[in-house]
Number of protein chains: 2
Amino acid sequence: MSRRGMATRTRTKTHRTERRTDALSRERIIAAAIELLDSGGENALTVRALAAHLATGSGAIYWHVADKGELLAAATDAVIARAMGGIVSGAKPREAIRAVARGVFDAIDVHPWVGAQLFREPWRPAMLEIIESVGGRLQALGVPQAAQFDSASALVHYILGVAGQNAANARSHVAGMDRSTFLASVAAQWEELDPAKYPFVRQMAPQLRDHDDRAQFLAGVDLILAGIKTVR
Amino acid sequence: MSRRGMATRTRTKTHRTERRTDALSRERIIAAAIELLDSGGENALTVRALAAHLATGSGAIYWHVADKGELLAAATDAVIARAMGGIVSGAKPREAIRAVARGVFDAIDVHPWVGAQLFREPWRPAMLEIIESVGGRLQALGVPQAAQFDSASALVHYILGVAGQNAANARSHVAGMDRSTFLASVAAQWEELDPAKYPFVRQMAPQLRDHDDRAQFLAGVDLILAGIKTVR
DNA sequence: GACATGAATGGAACGATGTTCCAATAGAAT
DNA sequence: ATTCTATTGGAACATCGTTCCATTCATGTC
């Protein structure tokens with residue numbers, strides 16, 4: 001736990017949020033962490049780099065934040081909350097669910113490290129936000145009580161799986177390649193597989209080469225929604 | 001790359017596979033790594049612990065293996081290949097797909113670190129095995145060409161998502177709690193959420209507390225298969 | 001059997017990381 | 001002005017993955 005977390009939060013009447021303009025704060029630290037993660041990928045976030053970016057020392061950071069894990073979790077929660085907040089909820093439930101899925105996908109597209117973190121620590125505010133956004137609309141869709149839990153679970157786990165895939169792809173991109181050359185190289189590997197052992201994968205190679213991640217992701221959501229409709 | 005990988009593999013005529021009974025080998029190293037991972041979780045696999053377990057030094061290990069990443073990937077491939085090999089392929093396609101999914105689930109249940117690794121590095125032999133096993137059966141199911149890629153993608157990403165969830169849960173278990181007390185604590189948190197903001201999650205809390213992971217996983221597979229059937 | 005050669009070994013050493021510790025400072029309260 | 005506490009910055013520690021290298025082992029050659 002951060003030392004600040006243990007200290008009393010109560011202040012005397014003259015409570016001012018900022019002591020000076022350049023004061024360190026949990027919020028500034030999280031914002032700086034997001035900057036580092038966005039620009040340099042997952043292992044660009046080191047305590048030393050963070051301290052340098054904020055012109056301070058590691059000790060000061062650990063006063064506001066318990067450890068690196070909490071920092072990553074907080075950064076992820078912030079990104080997901082922002083993404084979920086932007087969803088317009090007026091539409092029909094089916095469209096709303098697609099909008100939520102699209103929102104998560106796009107957020108992870110911009111911040112790939114979020115995908116890895118969602119995966120590493122589910123059972124966190126960020127995931128709660130997603131479950132609620134999806135599940136609430138399932139109820140509105142008229143999915144019977146008994147099927148709601150499994151249906152929401154299927155959708156959320158699917159979203160989680162795609163999240164992981166995207167994060168992994170982004171790691172490959174950091175290593176130099178851009179998306180299309182990377183996919184082309186994987187497709188090339190697929191095409192050189194033994195036709196006797198991997199007939200299906202070989203057939204999929206050309207489609208892998210020039211498919212649209214986002215469209216395929218949404219196609220999967222539609223597939224699951226179609227499945228859910230059958231038990232309705 | 002491991003130094004051994006660079007050295008010539010060719011031997012003179014009298015090629016003996018083993019120089020002495022206690023000789024180190026890539027296979028023995030991978031087996032030892034699996035042991036460490038199974039008994040102590042993901043961060044029990046350190047090069048030092050591995051060296052101690054094998055009664056050797058780190059340098060000897062790096063002669064056979066390029067780096068820790070390759071070691072983890074190889075260990076994962078070994079576990080998944082074993083799991084996929086055990087699938088009886090005689091049954092009807094639908095049952096076969098369920099069997100494959102069940103196989104992956106059970107393998108990750110026994111070796112939770114596999115879930116994390118599958119997630120960290122898709123596009124690897126282990127994932128190929130899964131894609132082929134699932135996709136091949138989709139063709140046998142009669143899914144039209146145009147829908148095969150998206151259908152396989154949906155199933156595999158769903159499996160991947162559950163894999164991640166299981167790995168995350170296992171990490172919590174290493175931290176002391178067993179499954180039921182862990183789920184109970186999460187459910188308790190869910191029940192204390194603001195009913196105005198999280199009505200759905202709150203309602204799901206009791207079902208979370210005593211649901212069966214494996215059954216829910218298979219329910220999700222059935223849901224997706226039902227969705228796939230609608231486009232057939 | 002002695003020698004030469006290259007494969008294989010084991011452990012010391014390096015650089016980077018997360019975290020802790022603590023002397024020094026800044027701000028608020030009296 | 002003084003005291004007290006919150007906060008800071010950076011040195012120090014433990015641990016990790018990896019590299020380096022002197023040494024040992026097994027084998028083919030004479």
Side-chain angles (χ1 to χ4, degrees), chain A residues 1-29 32-33 36-37 40-75 120, chain B residues 1-29 32-33 36-37 40-75 120:
Chain A
M1 166 121 61
S2 64
R3 298 181 87 135
R4 162 130 211 203
M6 312 197 70
T8 69
R9 264 313 195 114
T10 58
R11 288 288 184 80
T12 47
K13 45 197 166 178
T14 55
H15 171 282
R16 282 195 304 164
T17 318
E18 306 235 335
R19 313 204 311 166
R20 52 183 190 195
T21 54
D22 68 327
L24 215 49
S25 70
R26 192 180 153 88
E27 289 70 29
R28 278 193 60 211
I29 293 176
L36 284 180
L37 287 164
E42 313 192 37
N43 39 18
L45 177 63
T46 69
V47 179
R48 280 168 181 78
L50 196 55
H53 198 75
L54 290 167
T56 181
S58 12
I61 291 176
Y62 277 89
W63 175 262
H64 296 275
V65 163
D67 54 23
K68 202 188 169 184
E70 186 194 294
L71 187 54
L72 264 164
R120 202 166 311 132
Chain B
M1 164 120 59
S2 65
R3 297 181 88 137
R4 162 129 210 203
M6 313 197 68
T8 69
R9 266 305 197 116
T10 58
R11 288 286 184 81
T12 46
K13 45 196 168 181
T14 53
H15 171 282
R16 282 197 302 168
T17 317
E18 304 236 337
R19 312 204 312 166
R20 52 183 191 195
T21 53
D22 68 327
L24 215 49
S25 70
R26 193 180 154 87
E27 289 69 29
R28 277 192 60 209
I29 293 176
L36 283 180
L37 287 164
E42 314 192 35
N43 38 18
L45 177 63
T46 69
V47 179
R48 282 169 179 79
L50 196 55
H53 197 74
L54 291 165
T56 179
S58 11
I61 291 175
Y62 277 89
W63 176 263
H64 296 274
V65 163
D67 53 23
K68 200 188 169 183
E70 186 194 294
L71 186 54
L72 264 164
R120 202 167 309 130

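Here is how names work: the chains are called A, B, and so on, in the same order as the sequence lines, proteins then strands, and each is numbered from 1. On a predicted model such as this, the values are computed, not experimentally measured, just so you know.
- Within the structure, the salt bridge (charged side-chain N to carboxylate O under 4.0 Å, His left out) test picks out no pair touching residues 49-64 of chain A (sequence neighbours left out).
- Residues satisfying the side-chain contact (heavy atoms from CB on, under 4.5 Å) test with I29(A), not counting sequence neighbours, are L24(A), L50(A), L54(A), I61(A), H64(A), V65(A), L71(A).
- Closest of all the heavy-atom pairs between A32(A) and H53(A) is CB-CD2, 3.9 Å.
- Proximity of H64(B) to the phosphate of dA7(C): no side-chain N or O atom is located under 4.0 Å from OP1 or OP2.
- Distances shorter than 4.0 Å separate none of the side-chain N or O atoms of W63(A) from OP1 or OP2 on dT8(D).
- A search for side-chain contact (heavy atoms from CB on, under 4.5 Å) contacts involving A49(A) returns L36(A), T46(A), not counting sequence neighbours.
- One atom, CD1 of I61(B), and another, P of dC16(D), lie 13 Å apart when rounded to the nearest Å.
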Using atom names, set out every protein N or O paired with an N or O of nucleotides 16-21 of chain C below 3.5 Å, distance rounded to 0.1 Å.
from    : atom 1 : to     : atom 2 : distance (Å)
dG18(C) : OP1    : K68(A) : NZ     : 2.5
dG18(C) : OP2    : V47(A) : N      : 3.0
dG18(C) : N7     : R48(A) : NH1    : 2.9
dG18(C) : O6     : R48(A) : NH2    : 2.8
dT19(C) : OP2    : Y62(A) : OH     : 2.6
dT19(C) : OP2    : K68(A) : N      : 2.9
dT19(C) : O5'    : Y62(A) : OH     : 3.3

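- Judged as a salt bridge (charged side-chain N to carboxylate O under 4.0 Å, His left out), and not counting sequence neighbours, E27(A) has no contacts.
- One interatomic measurement links the two molecules: CD of E70(B) to P of dG17(D), which rounds to 15 Å at whole-angstrom precision.
- Here the P atom of nucleotide dA8(C) and the CZ atom of R28(B) are 14 Å apart, to the nearest Å.
- Distance CG (L24(A)) to P (dG10(D)): 13 Å, rounded to an integer number of Å.
- Listed by first then second residue, pairs satisfying salt bridge (charged side-chain N to carboxylate O under 4.0 Å, His left out) with a partner in residues 41-55 of chain A read E42(A)-R120(A), E42(A)-R171(A), not counting sequence neighbours.
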